[in-house]
Amino acid sequence: MAAFFSKTGKRLRKYHGSSMIFVGLRVFLGAVFVYAGYDKILHPQQFSLAVFQYQLLPDGLVNFVALALPWLELLIGVLLIVGVWMPGAALTAFSLLCAFIIALVINGIRGLDVHCGCFSTEATASSAGVGTILRDVAFLLIALVIVVATLYPEKLRRWRQTQERRNETV
Amino acid sequence: MLQLIFFIIAAVCIGLGTNYLRSDGIAVFEDWSALSQNGDVGDGTVINLEKAEELFKNDTALFLDARPKGDFDAGHINGAIHFPWQEVESSYMANAMSLDEKEHLICYCDGEACDLSHNLAMFLTDLGYPNVRVLVNGWTVWRNAGLPIE
C-alpha cells in the first residue's frame, strides 16, 4: 500500500507540480474541509443533534456518524492541503459533498427547517436552504476538477499541451 | 477506492478513540427515538410532558412558542408567549419583563425534528436564565394530551 501511495505522489508531483490553479483549488477545498471538521470535533454533542435533526439516519447510527464524520473531514482536508494520497482524498471529498447535497435536497423537499451543521454547531448558525445547496454544489465542482485532474493526469497533460500548441499557433 | 476505505476506517478509529479519551465524550450508540427525546435525557434541557403539565398546573412555568406567527395564531398552549426564533432579539426585547415572572421557561415548537425550541432554549440559557427547558414536539403532544390550549 505504501508503494501505491508513493507512486501516486510522484505522479502528482510530475503532472501538477507546476499548476498553480490545481494547487490553489485543492488547498482551498482542503481548508474548507478542515474548517468544517474543526468545530464539530470540539462539540460532538451539538453536532450529533444536528445529525439527528436531518432525520436521515437510523437513531442508533447518529452518534457514531457524528463522531467519525468530523475526523474524516479533517483528515481529507489536511491531505488535500498537503497534497498526498490525492486520489483517495479527492474521491472522498467528492463523495462527501455528494452525500451532503443529497441530504440537504431531501430535507428541503421534506420542508424540514434544520440547521445546516456544515461549518458550525452553534444554534445561531444559519438554517440549511437553497444557498447552502448552491455553496456545496460549488465545492462539488471544485472537487470534481481535482478528482479528474488527479485520476487522469495523463489526459490533463495532453489537454494542456494541446492548449499550449493552439496558443502558440494563434 | 482503497484509499477511501482506509480514510473512513482511520476516521472511525480516531473519532471513537478521542471520544473515549475526552471527558465530555458522548455515547457511541445513543437512543434518539422520540421516546427518549420526550424524556429527561442528555444535558437535561428536555422536559417530558408530565413534568411540563405539573409546572403548568402549579403556575410556575412560562411557555414560549418558538413557531412562526401564523402557527401561533392558529393555536397555542394556554398562556404561552409568542417568541419566534426568527425574530428572537425583538421578541426578547418585547418580553424580557415577562421572563422573570415564572421560575421555569419551557420552549416548544412542533414536530420531533423542529429545532426552533432548542435554539430558543440555548439563546435564553446563554443570556443567563437558569431553568430553561424544551418540550420536544410540544404543540402536538400538548394538544393530543387534551391539555389547555387557546
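Proteins get letters first, then strands, A, B, ... in listed order; numbering begins at 1 in each.
Contacts of W71(A) classified as side chain to side chain donor-acceptor pair (under 3.5 Å), with partners at least two apart in sequence or in another chain: T18(B).
Contact annotation for L79(A): only side-chain heavy atoms (C-beta onward) come within less than 4.5 Å of a heavy atom of chain B. With a 4.5 Å cut-off on non-hydrogen atoms, A121(B) does not touch chain A at all. For L74(A), no part sits under 4.5 Å from any heavy atom of chain B, backbone or side chain. L91(A) touches chain B through backbone and side chain together, each having a heavy atom under 4.5 Å away. For chain B, the nearby part of L42(A) is the backbone; its heavy atoms alone come within less than 4.5 Å.
Residues P87(A) and L151(A) come closest through the heavy atom pair CB-CD2, 3.7 Å.
Heavy-atom pairs under 4.5 Å with chain B were tallied for P70(A), P44(A), A66(A); the largest tally goes to P44(A).
Identified under the side-chain hydrogen bond (donor to acceptor under 3.5 Å, both in side chains) test for residues 89-106 of chain A, with sequence neighbours left out: none.
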Verify ring pair (Phe, Tyr, Trp, His ring centres under 6.0 Å) between F72(B) and H76(B), making sure each step is shown before the conclusion. CA-CA 6 Å; F72(B) 178 81; H76(B) 54 266; 3.8 Å; yes
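Using a distance-only test at 3.5 Å, with no hydrogens or angles considered, a donor-acceptor pair links the side chain of N19(B) to the main chain of I26(B).
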